[in-house]
Amino acid sequence: MLDTKFIRENHDRVLHNSHAKHTQPDISGFLRLDERRRAIIQQAQDLKAKRNTVSEEIARLKKAKENADALIAEMKTVSDTIKHLDDELRGVEEQMEHITLFIPNVTHESVPHGKDASGNIEVRRKDGVNPCEGERGFRKDHATLAKELGIVDFERGAKISGSGFPLYTGKGARLERALLNFMLDQHTGNNGYTEVFVPFLVNEASMRGTGQLPKFAEDMYTCAADDLYLIPTAEVPITNIYRDEILPASELTKKHCGYSACFRREAGSYGKDTRGFLRLHQFNKIEMVKFAKPDESYAELESLVNDAEGILQVLGIPYRVILLCDGDTGFSSAKTYDLEVWSPAEQKWLEVSSCSNFEDFQARRANIRYRTEQGAKPEFLHTLNGSGLATPRLMVALLEHYQTEDGTIRIPAPLQPYCGFEQIG
RNA sequence: GGAGAGAUGGGUGAGUGGCUGAAACCAACGGUUUGCUAAACCGUCGUAGCUCGCAAGAUCUACCGAGGGUUCGAAUCCCUCUCUCUCCGCCA
């Protein structure tokens with residue numbers, strides 16, 4: 001959510017940015033409402049001030065056992081007017097909020113302009129230490145490999161829940177668990193994150209806090225009977241840990257990481273990239289979240305990307321870092337880098353991580369502030385988050401890159417202690 | 001799921017219709033005193049918004065879990081909701 005004053009003073013920029021992000025908010029309507037709002041407040045305030053002083057006068061008269069009927073009658077109409085003004089104000093503010101909630105975050109000046117993913121910029125690329133580099137004759141795709149090796153049972157997963165709900169079996173289940181533990185240990189042990197284990201179902205206020213609601217209601221699973229939502233990412237519960245709180249500046253930058261299952265309806269994406277692990281309704285992810293001082297958040301974004309990259313480097317998987325153009329940057333984000341791994345079978349780059357600086361967009365929605373010193377005015381802090389990493393496409397890259405000529409999978413050395421085995425098959 | 005109790009400023013906690021934005025104490029901060037520490041004393045000590053001002057700041061308004069209602073006037077009375085605690089029941 002953007003600051004009302006910021007929208008008022010930068011409405012052209014906000015409008016252009018919204019168009020770049022393919023949204024059409026009613027900025028001029030917002031400005032009209034804003035003006036009306038201030039007029040109402042002014043008028044209501046004057047009347048309330050009058051009511052307060054006259055009420056004191058009434059109290060004084062009553063105590064002196066004098067007649068106050070005329071004043072009381074007068075105040076009755078004043079109170080009625082106040083009530084009507086307050087009602088109108090409520091309506092105006094509701095309309096303003098409705099518009100504001102659908103205005104996307106303004107992108108950072110370093111973000112390139114572009115219509116869609118074609119406008120993104122590759123920042124850097126790293127080759128892996130792939131043991132099969134250059135050998136293409138025996139290359140099988142991840143879904144075929146997984147099926148042959150018996151590490152995932154898509155059919156039974158679909159029987160239990162539906163398509164997009166994979167059932168990991170045997171060494172596949174162990175490998176999945178190994179990846180998650182390995183990544184958590186990296187972030188807590190080497191990168192300075194404090195681990196959290198979060199609720200997977202959250203309330204509406206949390207979803208609004210991080211920006212999933214109200215705009216993206218269609219993308220989420222809901223538990224209607226209890227007014228709860230299944231989280232699409234651990235970003236939601238982790239960021240909301242400090243909702244409505246004021247953190248001391250000495251605790252910033254605060255860094256949390258955590259595992260969660262992620263649930264996404266992926267409505268409207270059937271048939272597109274849905275083979276195997278490419279797009280799932282439920283998957284596992286390690287998420288990193290930072291709470292930073294505004295003047296440090298962009299440096300923190302770079303180190304956040306490095307932390308995510310570190311996983312791929314240790315696992316020796318080829319990847320590249322992409323800076324998203326404004327047209328491809330998410331609703332809440334001011335600047336986003338994607339990490340993509342190479343799938344030799346798909347001959348495609350696959351997104352495994354998205355690292356964003358939201359500046360104060362989420363903090364304003366969720367009311368997360370910090371105070372530089374005792375007695376200082378609390379200010380909104382900056383929130384950042386990034387996947388570190390999501391497992392399904394990481395698994396794709398791992399299987400495809402570490403397959404051997406005889407159809408087995410070599411487990412990368414750093415992962416072996418977590419797996420308890422050196423190969424699959 | 002049933003019964004009951006509760007929610008006030010950073011903390012404890014007073015306050016049942018007007019003089020309460022809120023006592024008192026604690027914590028914190030500034031100062032005086034002091035060889036140092038301690039103690040004592042004095043002062044400061046919530047958030048948000050409108051308007052005015054270059055600014056420091058000033059006026060006004062709102063906020064005592066949240067939202068409605070009654071009233072000239074609500075922390076205080078009424079209704080709904082949320083959360084916490086206690087007891088009973090059920091349960092991994």
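Remember, predicted model here, so these are calculated numbers, not experimental data. Chain letters run A, B, ... following the sequence lines, proteins first, then strands; residues in each count from 1.
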(message) Less than 4.0 angstrom between a side-chain N/O of A/R60 and OP1 or OP2 of B/C19, yes or no?
(response) no

(request) Searching all strands shown, indicate the nucleotide that pairs with B/C45 (Watson-Crick or G-U wobble; both distances under 3.5 Å). (result) none

(request) Could you check how far CG of A/D69 sits from C1' of B/G73, rounded to whole Å? (result) 15 Å

(message) Between B/U8 and B/G21, how many Å separate the two C1' atoms, rounded to a whole number?
(response) 11 Å

(request) Remember a base hit wins even if backbone is also touched, and classify A/D46 as base, sugar-phosphate or nothing at under 4.0 Å, heavy atoms. (result) nothing

(request) Using atom CD of A/Q42 as one end and atom C1' of B/A62 as the other, report the distance to the nearest whole Å. (result) 14 Å

(request) Compare the minimum distances between each of B/G18, B/C60, B/U51 and the side chain of A/A49, then state the nucleotide with the smallest one. (result) B/C60

(message) For a quick check of understanding: with a heavy-atom distance under 4.0 Å over all strands, which category does A/K83 fall into, base, sugar-phosphate or nothing?
(response) sugar-phosphate

(request) Measure the distance from CD on A/E56 to C1' on B/U61 and round it to the nearest whole Å. (result) 14 Å

(message) Here's a test of your reading of the structure: between A/I72 and A/A44, which maps to the more 5' nucleotide of RNA chain B?
(response) A/A44

(message) Please tell me whether A/S332 and A/Q362 have a donor and an acceptor in their side chains that are separated by less than 3.5 angstrom.
(response) no

(request) Mind calculating the distance between CD1 (A/I40) and C1' (B/A62) to the nearest angstrom? (result) 16 Å

(message) In whole Å, measure the gap between the C1' atoms of B/G9 and B/A48 for me.
(response) 15 Å

(request) Considering only atom P, compute the distance from B/A27 to B/U33 and round it to an integer number of Å. (result) 23 Å

(request) For this output row, return yes or no: ring centroids of A/F277 and A/F154 closer than 6.0 angstrom. (result) yes

(message) Using a 6.0 Å distance limit plus a 45 degree cone around the ring axis, check whether A/K335 lies over the aromatic ring of A/Y298.
(response) no

(request) Give A/L71 one of three labels, base, sugar-phosphate or nothing, depending on what nucleic acid heavy atoms sit under 4.0 Å from its own. (result) nothing

(request) With the side chain of A/S55 defined as its heavy atoms from C-beta on, choose the nearest nucleotide among B/C19, B/C60, B/G18. (result) B/G18

(request) Assign each of A/K62 and A/T53 to its nearest nucleotide of RNA chain B by heavy atoms, then name whichever residue's nucleotide is nearer the 5' end. (result) A/K62

(request) Determine whether the aromatic ring centres of A/F331 and A/F361 lie less than 6.0 Å apart. (result) yes

(message) Just to verify, which of A/T233, A/L280, A/I231, A/D219 counts as forming a side chain to side chain contact (heavy atoms under 4.5 Å, CB included) with A/R264?
(response) A/T233

(request) Would you mind pulling out the nucleotide paired to B/C50, Watson-Crick or G-U wobble, both distances under 3.5 Å? (result) none

(request) With P as the reference atom in both, quote the distance from B/U71 to B/C78 in angstrom, rounded to an integer. (result) 16 Å

(request) For B/G68 versus B/A75, give the span between their P atoms, rounded off to a whole number of Å. (result) 15 Å

(message) Any strand counts, and the cut-off is 3.5 Å on both contacts for Watson-Crick or G-U wobble. Which nucleotide pairs with B/A22?
(response) none

(message) Ring centres under 6.0 Å, that's the criterion: do A/Y221 and A/F200 meet it?
(response) no

(request) Please report, rounded to the nearest Å, how far the P atom of B/U59 is from the CG atom of A/L47. (result) 21 Å

(request) Taking atom C1' in both B/G15 and B/U84, compute the distance separating them and give it to the nearest angstrom. (result) 22 Å

(message) Expressed as a whole number of angstroms, how long is the span from A/D80:CG to B/G69:P?
(response) 12 Å

(message) Under 3.5 Å for both donor-acceptor distances, Watson-Crick or wobble: does B/A14 have a partner, and if so which one?
(response) none

(request) For B/U61, take OP1 and OP2 only and decide whether either is under 4.0 Å from a side-chain N or O of A/K48. (result) no

(message) Hydrogens and angles aside, do A/Y337 and A/E302 bring a side-chain donor and acceptor to less than 3.5 Å of each other?
(response) yes

(request) Kindly say if A/S79 contacts the phosphate of B/G73, meaning a side-chain N or O under 4.0 Å from OP1 or OP2. (result) yes

(message) Side chain of A/R369, heavy atoms from C-beta onward: which of B/A48, B/G49, B/G18 has the nearest atom to it?
(response) B/A48

(message) OP1 or OP2 of B/C60 versus the side-chain N and O atoms of A/N52: is any pair under 4.0 Å?
(response) no

(request) Round to the nearest Å and state the distance from A/Q45 atom CD to B/C60 atom P. (result) 11 Å

(request) Counting Watson-Crick and G-U wobble pairs only, both distances under 3.5 Å, name the nucleotide matched with B/U33, or none. (result) none

(request) Would you please classify the geometry between the A/H98 ring and the A/F102 ring as parallel, tilted or perpendicular, with 30° and 60° separating the classes? (result) tilted

(request) With a 3.5 angstrom cut-off on both distances, give the Watson-Crick or G-U wobble partner of B/U84, or none if there isn't one. (result) B/A5

(message) Rounding to an integer number of angstrom, what distance separates B/C79 and B/G4 when you compare their P atoms?
(response) 14 Å

(message) Give me the distance, rounded to whole Å, that separates B/C87 from B/A66 when you measure between the P atoms they each carry.
(response) 29 Å

(message) Students often get this wrong, so: under 4.0 angstrom with heavy atoms, is A/R51 touching a base, only sugar-phosphate, or nothing?
(response) sugar-phosphate

(message) With a cut-off of less than 4.0 Å, is there a side-chain N or O of A/N367 near OP1 or OP2 of B/U47?
(response) no

(request) Rounded off to whole Å, could you give me the CG-to-C1' distance for the A/L85 and B/A62 pair? (result) 15 Å

